[in-house]
Amino acid sequence: QVQLVESGGGLVQAGGSLRLSCTASERTFGRYVMGWFRQAPGKEREFVAAISPSGSMTRYADSVKGRCTISRDNAKNTVSLLMNSLKPEDTAVYYCATDTRFPPTRPDYWGQGTQVTVSS
């Protein structure tokens, strides 16, 4: 089973930035579609961003487009999400996930999540 561990969450003021990282314990990491999802209190988990195995294709939710950049380093089995111009509505638990499809539809594996809190 693929193990995913997120890091980089924390408290940040509105307008600030954070870089989230996810490390996978999988030798074939480079064959997976990777995605970031988030879940705010009382809401369903929603899609944030995704990147194809080679990194040639990316996709973003409209709510973060222009403010976030997803990237991956297959040699290090990591995927990152750089978030700029953060807003209070970005507050959520952020999860990374794997999928065999692009864009991801039903991820196969999930990390435990990392909390992002944006103060106004």
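Computed from heavy atoms alone, side chains included, the values below leave out hydrogens, waters and symmetry copies.
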Inset, instruction - Answer yes or no: are there more than 12 heavy-atom neighbours, outside Arg31 itself, under 6.0 Å from its atom CZ? - result: no

Legend entry - Candidate pair Thr91 and Gln115, rule side-chain contact (heavy atoms from CB on, under 4.5 Å), full reasoning: CA-CA 8 Å; Thr91 295; Gln115 177 71 48; 4.0 Å; yes

Legend entry - Closest non-hydrogen atom pair between Ser80 and Arg19, with its separation: CB-NH1, 4.1 Å

Legend entry - Heavy-atom check, side chain of Thr78 versus side chain of Cys22, under 4.5 Å: no

Inset, instruction - May I ask you to decide if Val5's main-chain N or O and Gln112's side chain share a donor-acceptor pair within less than 3.5 Å? - result: no

Inset, instruction - Measure the shortest side-chain to side-chain distance between Asp108 and Val2 over non-hydrogen atoms and say whether it is less than 4.5 angstrom. - result: no

Inset, instruction - Report yes if some heavy atom in the side chain of Cys68 is under 4.5 Å from a heavy atom in the side chain of Leu81; otherwise report no. - result: yes

Legend entry - Shortest non-hydrogen separation from Phe29 to Val79 and the atoms involved: CZ-N, 4.1 Å

Inset, instruction - Could you walk me through whether Gln13 and Val118 pass the side-chain contact (heavy atoms from CB on, under 4.5 Å) test, one step at a time? - result: CA-CA 5 Å; Gln13 291 187 334; Val118 184; over 6 Å; no

Inset, instruction - Answer with yes or no whether the hydrophobic clustering places Leu86 together with Val64; edges join I, L, V, M, F, W, Y residues whose side-chain heavy atoms lie under 4.5 Å apart. - result: yes

Inset, instruction - Just grab all the ring pair (Phe, Tyr, Trp, His ring centres under 6.0 Å) pairs involving residues 59-78, residues at least two apart or on different chains. - result: none

Legend entry - For the student: nearest non-hydrogen atoms of Gly10 and Leu18, plus distance: O-CD1, 4.0 Å

Inset, instruction - Decide yes or no on side-chain contact (heavy atoms from CB on, under 4.5 Å) for Arg67 and Asp90, but give the supporting numbers first. - result: CA-CA 11 Å; Arg67 300 189 296 118; Asp90 293 319; 2.8 Å; yes

Inset, instruction - Could you tell me whether the side chain of Ser25 and the main chain of Gln3 form a donor-acceptor pair under 3.5 Å? - result: yes

Inset, instruction - Flag yes if Ile51 and Leu82 sit in one hydrophobic cluster, no otherwise; membership is Ile, Leu, Val, Met, Phe, Trp, Tyr, and two members link when side-chain heavy atoms are under 4.5 Å apart. - result: no

Inset, instruction - Give a yes or no answer on whether the side chain of Asn74 reaches the backbone of Pro53 with a donor-acceptor pair at less than 3.5 Å. - result: yes

Legend entry - Exam field: side chain Asn84 to backbone Ser17, donor-acceptor pair closer than 3.5 Å: no

Legend entry - Residue pair Arg38 / Ser63, side-chain heavy-atom distance below 4.5 Å: yes

Legend entry - Minimum heavy-atom distance between Ser52 and Val33, given as atom pair plus value: CA-CG2, 4.5 Å

Inset, instruction - Determine yes or no for a side-chain-to-main-chain donor-acceptor pair under 3.5 angstrom, with Asn77 supplying the side chain and Glu26 the backbone. - result: yes

Inset, instruction - Report yes if some heavy atom in the side chain of Met34 is under 4.5 Å from a heavy atom in the side chain of Leu4; otherwise report no. - result: yes

Inset, instruction - Output every pair passing ring pair (Phe, Tyr, Trp, His ring centres under 6.0 Å) with a member in residues 93-120, not counting sequence neighbours, ordered by first then second residue. - result: Phe37-Trp110

Inset, instruction - Report yes if the side chains of Leu20 and Met83 come closer than 4.5 Å at any heavy-atom pair, otherwise no. - result: yes

Legend entry - Shortest non-hydrogen separation from Pro88 to Ser120 and the atoms involved: CG-CB, 3.9 Å

Inset, instruction - Please confirm whether Arg59 makes a cation-pi placement over Phe47, using NZ or CZ under 6.0 Å from the six-membered ring centre and within 45° of the ring normal. - result: no

Legend entry - Salt-bridge present (Lys65, Asp62; N to O < 4.0 Å): yes

